[in-house]
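I have a structure I would like to understand better, so I am pasting it below and will then ask my questions one at a time.
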Amino acid sequence: MNYNPNDIEPKWQKYWKDNKTYRTENFSDKPHFYVLDMFPYPSGAGLHVGHPLGYIASDIFARYKRLNGFNVLHPMGYDAYGLPAEQYAIQTGQHPHITTERNINRYREQLDKIGFCFDWDREVRTCDPEYYRWTQWTFIQLFNHYYDKTLDKARPIAELIEKIRKGEVRDEQGNAYDWDGMDEVARQDLLMNYRLAYLADIPVNWCAGLGTVLANDEVINGLSVRGGYPVERKLMRQWSLRITAYAQRLVDGLDTVDFSESLKEVQRNWIGRSEGAAVWFPLDVPSNANVLPGAQAYMPQCNPQPVPSFEIFTTRPDTIFGVTFMVLCPEHELIDSITTDEQRQQVQDYVSWAKNRSERERQSEVKKVSGVFTGAYAVNPLTNERIPIWVSDYVLAGYGTGAIMAVPAHDSRDFAFARQFNLPIRQVVIPAGTKPEDMTPPETWTESIDSKAGISVNSGFVTGMKVKDAIHAVIDKLDEMGIGYRTINYRLRDAIFSRQRYWGEPFPVYFKQIKDADGTMHAIPYCLPEECLPLCLPEISDFKPTSTGEPPLGHAQKWAWDEANRQVVDKSLIDNVTVFPLELSTMPGFAGSSGYYLRYMDPRNNERYFSEQAVNYWQNVDLYVGGSEHATGHMIYARFWNKFLFDIGLAVKDEPFRKLINQGMIQGRSNFVYRSKTDSNLFISKNIPGREENTVPIHVDINIVDNDILDVERFRAWRPEFAEARFELEDGKYVCGWEIEKMSKSMFNVQNPDDLVARYGADTLRLYEMFLGPVEQAKPWDTNGIEGVARFLKKFWRLYENIVDEVPTKEELKVLHQTIKKITDDIERFSFNTAVSNFMICTNDLLALNCAKREVVGPIVILMAPFAPHIAEELWHKLNPGASSVFDEQWPVCDESVLVESSFEYPVSFNGKMRFKLNLPLTATSDDAMQAVVNAPEAQRWIEGKAVKKLVFVPKKIINVVI
RNA sequence: GCCUCGGUGGCGGAAUGGUAGACGCGGUAGACUCAAAAUCUGCUGUCCGCAAGGACGUGUGGGUUCGAUACCCACCCGAGGUACCA
């Protein structure tokens, strides 16, 4: 019988399903192992060959661990909330529930065909109320906790209130709060500054095209990642997560996990920790002046009078003697109060111009220097010089204090600014390896000297010090004077958590109207009681914002909270006494994907997020497989989410993922036709002279192109606009251009896995995807090699056709045990491409030996099972009629004694160059080798009577002769 | 600019400081066949040579080593990430 995957694959898929072969229990004597894939967003396009790459790799590893006696958790689910389903709903009126459900079913069908070992009993969907109940629950916990900087962990907000009461918490002026004297509005305002989930007016990335705000990782170059719409900065009242509280732990945790160096680096850059100093610069105003709005008072040791001043952050305090001007960001609150009357008009014009620029404009004009002088001066606290204060948008409001000391000699941006406005440049560092007399005056420089490798000059008490020492010396001095301190700044921003969208988790939040002391009404947010969760997403039919500009949930009629009866009621009942409006925005995509790995541990628990026993057993994810594009989004949020759950005692490990493998993207190979610029029905073949100037390339479906030759008839039939197409051919053929790009529907370069499964079988697809190259490497999809893998499986099948019960020869056993050793090693190293090669070698060897012996082929079927489960299961049952699944077997062990040789064929090198081979017993010593080489006839022509200077003998490796 | 990873035949890619190019694709010659497909076997880095054989060869230049694709230094090229972050 020939190998026919279409017969055996559905059979075993059904068998595994019926027997629940892959079902995992939470309790076992076996060691545990958790293998997780990043769950997919079920898009309408279905799977292409790039998606399963990581799933195949993790599937192999999960099966391997299982065969090695581990209790393996290997679940799958769907990240089902998201923008595309909602955009689709706006266009077609089709409810996102329906599209999502349909897409999920399609995904499941495609996944099942590839034969994965997921425990589908543990499936989760982020849009399922029984799942998002715990997303909402976690939000409530975040709302009810604050970050205790002393304990370095999240603590209940009640503890904070206690501290405020005791006067242990102070305001910026250093005064204690009078908690008991505060009204509810003031109390809630104060607490809001500490909650880990908080509501605040913050500058957000507003995307009008999508009608919602976006997190920083959802914006690239001022455009939204989804859809590519422009994004602007806008001040809005939004929920945020205080992820910045965890910045240091997120950096530190990277040292404890096994991620690729590049991914760690991306995360470190994203968090952007920088060490430096905060320094107060006094304003040059009469010292008895009242503190100006936006200015702070400080009291240097040398001057007991409070002095109006402002704070800057610098990583180079050593260059403070080189400060020649100061710069404030256009949003700085000090600008109004210090600008002189002569400069006022100019400054106001500049500030309003700068504020109205979109993010995209600002980012695309980074190299253009702009700014304006305020007319005001600050005083350098170490030199007492008067320094002009400027305003420029190269200083960003969101980082540090939005104000800097400018040292044009040693900062490239300050340098450019100084050149533009003719400000002085003063050198205070000479680079390492340069003599002072070799330095040219700064006026002649074309760039600043930014390197920290150097010696301070013209810098008062730090002159002559190395920069690194000078930094510390200056900070110590500032600290002593009471005008500065050592501090750390992070680039990481708090995560904006509100989306003005429908298809997401509702916030379990309602708003009460409360009067403050002045009688003004305030909408104060309160969380629903935990026991009332889930707060289900209401059904609506119009998914656009309301006419008053509210998010789509504004259309929901039954969307108010009855506090007394603890239930959702109709909006018309809102009386702001017992019935209150509910929050209208929903949570972002990362809400549901941040803690899903924990829910898999105990997905049907309706009492808790997950049970204590389950998390104590599984701990955290041992192996996580997914794309590196999630480095600054999901991977940061999930680590934050886990650290919070760890702090409040739910998670048992500080880091959620022990080891991460980033599968490389499978790129598509796109084909192009070239349309004439003057005649839209004329298409010119690639290599016709003049084609390049006179045509525009257009993507063409790869399915109507064979070997870059276009099937012109199918092209005409492909789309109506090409029905009248005419062609300028070369050698009677139309040659297409090609390019490696992202695999995407819009580029018509998508390879659907179903077609390949139908043609070659799932096992061939699995092996081929692995054989393409290292899992972690990006690679273009190319079906050319798949025939080779298909041929291998046919040979492999043939090997078992005439199985016999004979005692294997030593040589056959050697092939077996070598293969066991290699495959085990390959899997441990995650080198699945070499594993497939090694299977091919093994099969070729056994066919050459004509070996079909049960004792040899049995173990090889088990080795093969993780890679090609269907064929392995089929052959296992052929070998062992009546047996249970091959996945109930034990991974074979390599018997090293079979591999032991009595002699070894040494490559003999002369001066490092391989010349001939020499067989020596394993017991041979260096002296034996010397004897043998000198006596070997082959050696004579290389030695040619010269003396052997040295002989290097490495047992079982090589003999190298130096002459 | 900075950070990370990479650069090996016609192609995908092997090689833990020890025979570079495993394995596969492609190419080529042959076997089987009336023929083709399928299958099987041999050859297939470059150059010189009829051959035996030899020289060269892992982006470039240096270094360490008996020996370097691998380690170190400098540079070139490519991919990805990231940026007025003070």
Side-chain angles (χ1 to χ4, degrees), chain A residues 220-221 260-270 272-274 276-277 312-317 319 327 329 362-363 365-369 392-396 398-407 410-414 416-417 447 450 489-493 628-629 631-632 662 664-665 667 740 767-768 771-774 776-789 791-792 794-795 798 825 829 831 833-844 847 905-917 949-954 956-963:
Chain A
I220 291 178
N221 289 332
S260 75
E261 213 36 59
S262 73
L263 188 121
K264 287 186 184 182
E265 210 48 45
V266 169
Q267 294 210 346
R268 286 193 192 104
N269 288 341
W270 187 260
R273 178 186 202 274
S274 50
I312 60 104
F313 173 74
T314 178
T315 55
R316 292 295 301 275
T319 60
V327 188
C329 66
R362 206 182 58 72
Q363 291 197 4
E365 291 172 11
V366 155
K367 293 288 168 275
K368 289 188 191 162
V369 182
S392 172
D393 67 353
Y394 86 88
V395 174
L396 304 178
Y399 186 76
T401 58
I404 62 156
M405 62 178 213
V407 186
H410 305 293
D411 182 284
S412 52
R413 295 150 305 178
D414 299 345
F417 195 82
E447 57 181 1
D450 293 7
N489 241 297
Y490 299 92
R491 196 186 83 100
L492 185 72
R493 300 276 71 111
S628 57
E629 67 272 20
T632 53
N662 292 121
M665 194 170 50
Q667 297 141 312
I740 302 297
L767 285 172
Y768 184 58
F771 185 65
L772 268 178
E776 290 166 273
Q777 193 174 301
K779 48 214 163 237
W781 179 257
D782 169 14
T783 41
N784 285 333
I786 199 168
E787 296 283 350
V789 173
R791 261 193 285 265
F792 154 67
K794 280 183 208 160
K795 278 192 202 173
R798 214 171 62 203
D825 184 55
R829 290 187 303 137
S831 179
N833 54 331
T834 54
V836 177
S837 294
N838 283 325
F839 277 123
M840 291 177 175
I841 296 169
C842 165
T843 305
N844 285 340
L847 284 173
E905 195 172 51
Y906 282 91
V908 181
S909 301
F910 284 83
N911 296 333
K913 191 130 191 100
M914 213 291 272
R915 295 304 180 181
F916 66 97
K917 287 172 186 175
K949 280 191 200 145
K950 185 175 175 184
L951 183 134
V952 180
F953 175 77
V954 185
K956 288 197 81 176
K957 290 266 164 128
I958 201 160
I959 298 167
N960 191 18
V961 186
V962 186
I963 45 175

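Small disclaimer: the values here were computed from a predicted structure and weren't measured. Sequence lines set the chain letters: A, B, ... in the order given, protein chains first and strands last, and positions in each chain run from 1.
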Torsion-based syn/anti label for B/G53, 90° from 0 as limit: anti
Under 3.5 Å for both donor-acceptor distances, Watson-Crick or wobble: does B/U65 have a partner, and if so which one? none
Check the phosphate of B/G13 against A/T834, side-chain N and O only, distance under 4.0 Å to OP1 or OP2. Yes or no? no
How long is the line joining NZ of A/K913 and P of B/G17, in whole Å? 21 Å
Which atom pair, heavy atoms only, marks the closest approach of A/N911 to A/I963? OD1-N, 3.2 Å
Compare side-chain N and O positions of A/K950 against OP1 and OP2 of B/C66 and report whether any pair is under 4.0 Å apart. yes
Donor/acceptor link under 3.5 angstrom from A/N960 side chain onto base of B/C66: yes
Parallel, tilted or perpendicular, judged at 30° and 60°: which one describes the rings of A/W781 and A/Y768? perpendicular
Ignoring hydrogens, what is the shortest heavy-atom contact between A/N269 and A/R491? Give both atom names and the distance. O-NE, 3.3 Å
pair_partner(B/G78), Watson-Crick or wobble, both distances < 3.5 Å, evaluates to B/C5
Is the phosphate of B/A86 approached by A/R491 (side-chain N or O, under 4.0 Å from OP1 or OP2)? no
Under 4.0 angstrom between A/N844 side-chain N/O and B/G24 OP1 or OP2: yes
Rounded to whole Å, please give me the gap between CZ in A/R316 and C1' in B/A86. 11 Å
Taking atom CD1 of A/I312 and atom OG1 of A/T401, what is their separation to the nearest 0.5 Å? 6.5 Å
Spacing of CG belonging to A/L767 relative to CG belonging to A/N833, to within rounding of 0.5 Å: 12.0 Å
I'd like the C1' distance from B/G61 over to B/C76, given in whole Å. 10 Å
Pairing partner of B/G45 (Watson-Crick or G-U wobble, both distances under 3.5 Å): B/C56
Taking only the side-chain heavy atoms of A/V954 (C-beta and beyond), determine which of B/G18, B/A86, B/U4 contains the nearest atom. B/G18
Considering only atom C1', compute the distance from B/G27 to B/U19 and round it to an integer number of Å. 26 Å
Would you kindly give the CG-to-P distance between A/L263 and B/U82, to the nearest whole Å? 11 Å
Output the rounded distance in Å from CG (A/N833) to P (B/C25). 16 Å
Taken to the nearest 0.5 Å, the spacing of A/F916 CZ from A/S909 OG works out to 9.5 Å
Under-4.0 Å side-chain N/O to phosphate OP1/OP2 contact, A/R829 with B/A15: yes
Counterpart base for B/C25, defined by Watson-Crick or G-U wobble contacts under 3.5 Å: B/G10
Whom does B/A15 pair with, Watson-Crick or G-U wobble, provided both distances fall under 3.5 Å? none
Residue pair A/R915/A/D825 against RNA chain B: nearer the 5' end by closest nucleotide is A/D825
Just to confirm, is there a sub-4.0 Å distance from OP1 or OP2 of B/A79 to any side-chain nitrogen or oxygen of A/Q667? no
Same-atom distance (C1') from B/G21 to B/G10, integer angstrom: 14 Å
Rounded distance in Å between the C1' positions of B/G54 and B/C50: 15 Å
Distance between P atoms of B/U65 and B/A55 (Å, rounded): 25 Å
Would you kindly give the CZ-to-P distance between A/F953 and B/G67, to the nearest whole Å? 19 Å
Flag the pair A/E261 and A/R268 as a salt bridge only when some basic side-chain nitrogen lies within less than 4.0 angstrom of an acidic carboxylate oxygen. yes
Less than 4.0 angstrom between a side-chain N/O of A/R791 and OP1 or OP2 of B/U39, yes or no? yes
Whole-Å gap separating C1' (B/C40) and CD (A/E787): 17 Å
Which of B/C23, B/C66, B/A86 is nearest the side chain of A/V962? It is B/C66
Taking the same atom, P, in B/G81 and in B/A14, what whole-Å distance lies between them? 23 Å
Heavy atoms only: give me the nearest A/V407-A/T319 pair and the separation to one decimal. CG2-OG1, 3.3 Å
CE of A/M665 versus C1' of B/C5: gap in Å, rounded? 15 Å
Return the 5'-most residue of the pair A/P780, A/M405 with respect to RNA chain B, ranking by each residue's nearest nucleotide. A/P780
Across all strands, who's sitting opposite B/C32 as a Watson-Crick or G-U wobble pair, both distances under 3.5 Å? none
Suppose you measure atom P in B/A15 against the same atom in B/C23; what distance do you get, rounded to whole Å? 14 Å
When you compare B/A22 with B/G12, how far apart are their C1' atoms, in angstrom units rounded to a whole number? 13 Å
Nucleotide nearest A/K795 (side chain, heavy atoms from C-beta), chosen from B/C25, B/G18, B/C40: B/C40
Can you check the A/I959 CD1 to B/U19 C1' distance for me, whole Å? 13 Å
